Asks: 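Shown below is the structure under consideration.
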Amino acid sequence: MRRPHIRTVAVAVAVTTAATGLAGTAFAGPSTGVERTSASAASTSTVVVEAARTAAFAHTAATGVSQGDELQAQDVMIDPEGARHVRFVRTHNGLPVLGGDLVVHLNRQLAYTGVTRAAGHAVKTSAAEAKLTAGQAAAKAARVAKGDAGEAELVVDARDGSSALAYQVTVTDKGTSSTVVIDAVTGKVRSNTPDADQFLSPKLVDTLRKRGETIDPATGIGSDASAGLLGSSASGATSYPSTAHGTGKTLFVGNVGLTTTATSRGHYQLKDPTRYGTETRDAKGKYTESFGAGTKFTNTTNVWGNNKTTSRASAAADAQYGVTKTLDFYKKTFNRKGIANNSKAARAMVHWGNKVANAFWDPTCNCMLYGDGDGTMFKKPLVVLDVTGHELTHGVVEATAKLEPTYVDSDGNQYGEPGSLNESLADIFGSNVEFYANNAKDTPDYLVGEKLGLDQKFLRRLDHPSLDKLEGTIDYWSPDTYYTEVHAGSGVSSHAYYLLAEGSGKKTINGVNYNSPTYDGSTVKGIGRTKATAIFYRALTRYMVSTTDFHDARVATLKAAKDLYGATSTEYKTVDKAWAAVNVTAANTPSGVRH
């Protein structure tokens with residue numbers, strides 16, 4: 001999923017806006033909405049951060065901030081309608097706090113209006129000193145995660161309703177890593193979480209193996225309307241590097257136009273200078289989390305791949321296409337400048353590792369990693385469009401709410417509602433990337449993994465999640481959802497999103513038939529995909545934190561709908577109906593912390 005590591009991050013200068021959930025200016029002023037300079041935005045951002053920090057300490061009963069805490073701002077969001085939101089991470093007596101994140105909400109006048117917090121209690125450890133040494137903790141972490149342990153760092157673990165002095169250790173093995181948290185007093189393993197989010201869970205892989213089923217996506221040969229001229233160059237360029245326009249001959253979406261870099265006359269690199277230098281490289285079978293260790297894709301034709309796996313560049317063309325379409329979706333829809341909203345490149349490495357049958361977002365590399373498949377059960381690289389949109393959305397969640405699984409079993413399967421919500425958001429926005437790309441070779445739909453060649457024709461679907469029998473995805477919430485593997489549990493909020501967007505009952509979209517049921521037999525009339533997506537994005541970025549569960553997500557989306565459309569609006573009321581239709585209501589909100 002992601003490393004639960006508290007980073008000290010400088011206050012963001014690029015302040016986001018979202019009046020309607022659609023594209024807006026980089027910075028909207030308090031009343032005029034006129035775009036300001038970055039220096040002005042930075043100055044305003046600093047004022048907002050200080051006001052939010054002061055408010056957090058002035059309202060300790062609500063925020064849980066106490067003596068010994070320090071707050072570091074990670075993100076500042078200023079909405080055109082006047083609200084300000086500051087996302088903080090926390091240290092306690094100088095130690096990073098796991099599960100200590102919070103968002104402080106202010107009005108236009110910088111007065112405190114509320115808080116969204118991960119830890120529902122004050123962060124105070126019962127033990128002042130560790131009984132284990134850092135070396136002992138590192139050694140235990142290495143045994144648990146079966147790899148090489150890095151340096152053990154003292155932290156406060158405030159997750160799961162307690163506060164404990166603990167060591168956090170990163171353990172690496174074959175180019176992947178996990179984060180192990182060891183109780184510094186008892187030596188108990190408090191968590192062992194993979195840092196990268198794999199598209200295919202260990203549980204699903206085991207199910208496919210037992211069924212004797214393979215993943216062998218059909219390739220998409222041919223042209224696409226968005227393709228540029230084959231071998232087109234940077235005509236008229238007088239200096240290098242310069243922008244060029246070439247063609248990707250992909251595995252799955254035919255021939256597509258790619259913006260590339262002309263490094264000199266007649267020489268090209270698979271790097272997009274118009275999208276922050278976004279680039280795809282060749283890992284050449286290495287297990288590496290260093291993008292710099294990848295080999296650049298270069299040629300003299302500006303044609304990338306041959307629509308077959310016989311060219312190493314074919315998978316790279318799919319990856320570059322998917323990454324740039326995902327960036328474009330977030331930019332055009334929410335004015336989000338890059339995955340972390342910092343105007344930096346998104347990156348990908350194909351041909352990663354030896355016979356790796358998966359694809360995943362890696363926060364250490366800050367890039368997408370794609371294996372080639374194992375050659376038997378998994379025949380091709382998982383570089384299909386919705387996989388890329390799904391995985392890069394994990395990067396967006398990493399940069400915002402940092403939703404984490406609650407626990408991980410010995411096989412690496414993840415559980416807990418925050419992790420399920422993370423998977424759901426990745427499916428929701430991944431499907432939106434498909435709609436944005438509108439590629440004739442990959443028809444936009446509310447299905448996930450429909451091009452993987454599975455017997456059930458898709459991996460997951462948003463309209464009726466339980467039609468997925470491979471993962472046992474669920475349609476509705478129950479108290480047992482907490483103990484459901486995250487991909488299976490994702491159906492709850494994915495279903496709520498579909499109902500909000502498209503409504504209940506039968507519907508045909510782009511030739512795909514949908515029939516969405518409801519828990520209570522109610523009829524839900526959708527408000528449209530554009531508004532539903534705006535609400536879920538606003539909820540993610542403003543009102544979700546690392547421990548947000550489905551009932552918290554209901555509250556977050558209601559707040560987002562109120563911000564965007566008003567508390568008496570049809571949109572607000574439909575959000576409430578959509579969650580009730582998946583059995584998430586105010587009345588059945590669980591009390592207390594579940595373990």
Side-chain angles (χ1 to χ4, degrees), residues 1-16 45-46 48-57 59-60 62-77 84-106 112 114-125 153-170 179 181 190-191 193 195 339-342 363-364 366 394-406 418-419 422 540-548 552 556:
M1 185 68 62
R2 61 167 300 275
R3 176 177 297 117
H5 183 76
I6 300 299
R7 302 185 179 113
T8 301
V9 181
V11 174
V13 173
V15 182
T16 59
S45 179
T46 301
V48 173
V49 168
E50 288 308 312
R53 183 180 285 113
T54 299
F57 282 95
H59 296 84
T60 58
T63 64
V65 176
S66 60
Q67 185 175 3
D69 287 351
E70 290 186 8
L71 301 178
Q72 296 87 37
Q74 277 199 310
D75 201 2
V76 181
M77 295 151 284
R84 284 88 168 98
H85 316 265
V86 182
R87 187 178 294 276
F88 289 107
V89 292
R90 180 184 346 199
T91 62
H92 181 71
N93 293 333
L95 300 180
V97 179
L98 309 184
D101 52 304
L102 65 156
V103 183
V104 176
H105 311 292
L106 309 172
Y112 172 83
V115 66
T116 304
R117 51 190 278 201
H121 56 90
V123 177
K124 293 181 181 180
T125 61
E153 175 188 18
L154 269 177
V155 298
V156 177
D157 187 358
R159 301 170 298 175
D160 293 335
S162 63
S163 295
L165 191 63
Y167 286 103
Q168 179 176 267
V169 188
T170 299
T179 297
V181 179
R190 298 183 65 85
S191 63
T193 309
D195 293 332
I339 298 305
N341 201 27
N342 57 3
T364 301
N366 279 316
H394 283 308
V396 174
V397 175
E398 159 80 11
T400 54
K402 297 178 177 63
L403 293 160
E404 299 173 359
T406 309
N422 193 342
L540 166 65
T541 53
R542 270 70 168 170
Y543 299 113
M544 293 184 186
V545 289
S546 61
T547 58
T548 297
D552 296 329

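Starting from 1, each residue takes its place in the sequence as its number. Being a predicted model, the structure only gives us computed values, none of them experimental.
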Asks: Are the side chain of H92 and the backbone N or O of V123 linked by a donor-acceptor pair below 3.5 Å?
Replies: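 Side chain of H92 to backbone of V123: a pair is present.
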
Asks: Can you find a pair of side-chain heavy atoms, one from T400 and one from N341, that are under 4.5 Å apart?
Replies: no

Asks: Do T170 and T364 come close enough that some side-chain heavy atom pair is under 4.5 Å?
Replies: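 Answer no - side chains too far apart.
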
Asks: At what distance, to the nearest 0.5 angstrom, does CG of L154 lie from CG of N93?
Replies: 12.0 Å

Asks: Is a side-chain N or O of T547 found less than 3.5 angstrom from the main chain of A118, in a donor-acceptor match?
Replies: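 Present.
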
Asks: Between CG of D101 and CZ of R117, what distance do you get to the nearest 0.5 Å?
Replies: 11.0 Å

Asks: Between I339 and G395, which heavy-atom pair has the shortest distance, and what is it?
Replies: CG2-C, 3.4 Å

Asks: Could you check R190, R159, E404 and say which one makes a side chain to side chain contact (heavy atoms under 4.5 Å, CB included) with L98?
Replies: R159

Asks: To the nearest 0.5 Å, what is the distance between NZ (K402) and CZ (R87)?
Replies: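 Interatomic distance, K402 NZ to R87 CZ, rounded to 0.5 Å: 7.0 Å.
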
Asks: Hey, what do you get for OG1 (T116) to CZ (R542), rounding to the nearest 0.5 Å?
Replies: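 Here the interatomic distance stands at 12.0 Å.
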
Asks: Restricting to non-hydrogen atoms, name the atom on A73 and the atom on V86 that form the minimum distance, rounded to 0.1 Å.
Replies: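 Distance-wise, the nearest heavy atoms are CB-CG1, 4.0 Å.
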
Asks: Work out which heavy atom in L106 is nearest to a heavy atom in A52; give both atom names and the distance.
Replies: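 Scanning both residues completely, I find the closest heavy atoms to be CD1-N, 3.8 Å.
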
Asks: Using side chain to side chain contact (heavy atoms under 4.5 Å, CB included) as the criterion, list what pairs up with A399, not counting sequence neighbours.
Replies: R336, A340

Asks: Has D157 got a side-chain atom pairing as donor or acceptor with V181's backbone, closer than 3.5 angstrom?
Replies: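 Pair absent, no side-chain N/O of D157 close to backbone of V181.
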
Asks: E70: which residues meet the side-chain hydrogen bond (donor to acceptor under 3.5 Å, both in side chains) condition with it, sequence neighbours left out?
Replies: none

Asks: Measuring only between side-chain heavy atoms, which start at C-beta, is T60 closer than 4.5 Å to S66?
Replies: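 T60 vs S66: side chains apart.
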
Asks: Locate the shortest heavy-atom distance separating A158 from A119; write the atom from each residue and the value.
Replies: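 Closest approach of A158 to A119: O-CB, 4.1 Å.
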
Asks: Are T541 and M77 packed together at the side-chain level, in the sense that at least one heavy-atom pair is separated by less than 4.5 angstrom?
Replies: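 Yes - at least one pair of side-chain heavy atoms lies under 4.5 Å apart.
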
Asks: Check the pair V76, R84 against side chain to side chain contact (heavy atoms under 4.5 Å, CB included), reporting the backbone distance first and the verdict last.
Replies: CA-CA 7 Å; V76 181; R84 284 88 168 98; over 6 Å; no

Asks: Excluding sequence neighbours, so at least two apart, what forms side chain to side chain contact (heavy atoms under 4.5 Å, CB included) with L71?
Replies: R53, A56, F57, V65, F88, R90, L102

Asks: Can you name the side-chain hydrogen bond (donor to acceptor under 3.5 Å, both in side chains) partners of Y543, sequence neighbours left out?
Replies: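 Expected list: D563.
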
Asks: Heavy-atom distance under 4.5 Å between the side chains of Y167 and V155, does that happen here?
Replies: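 No - every pair of side-chain heavy atoms lies 4.5 Å or more apart.
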
Asks: Holding to side chain to side chain contact (heavy atoms under 4.5 Å, CB included), I want the full list of residues that pass it with T548, two or more places apart in sequence or in another chain.
Replies: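 By the side chain to side chain contact (heavy atoms under 4.5 Å, CB included) rule, T548 matches L403, L421, M544, V545, D552, A553.
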
Asks: Would you give the length of the straight line joining atom CD of E398 to atom CG of N366, rounded to the nearest 0.5 angstrom?
Replies: 7.5 Å

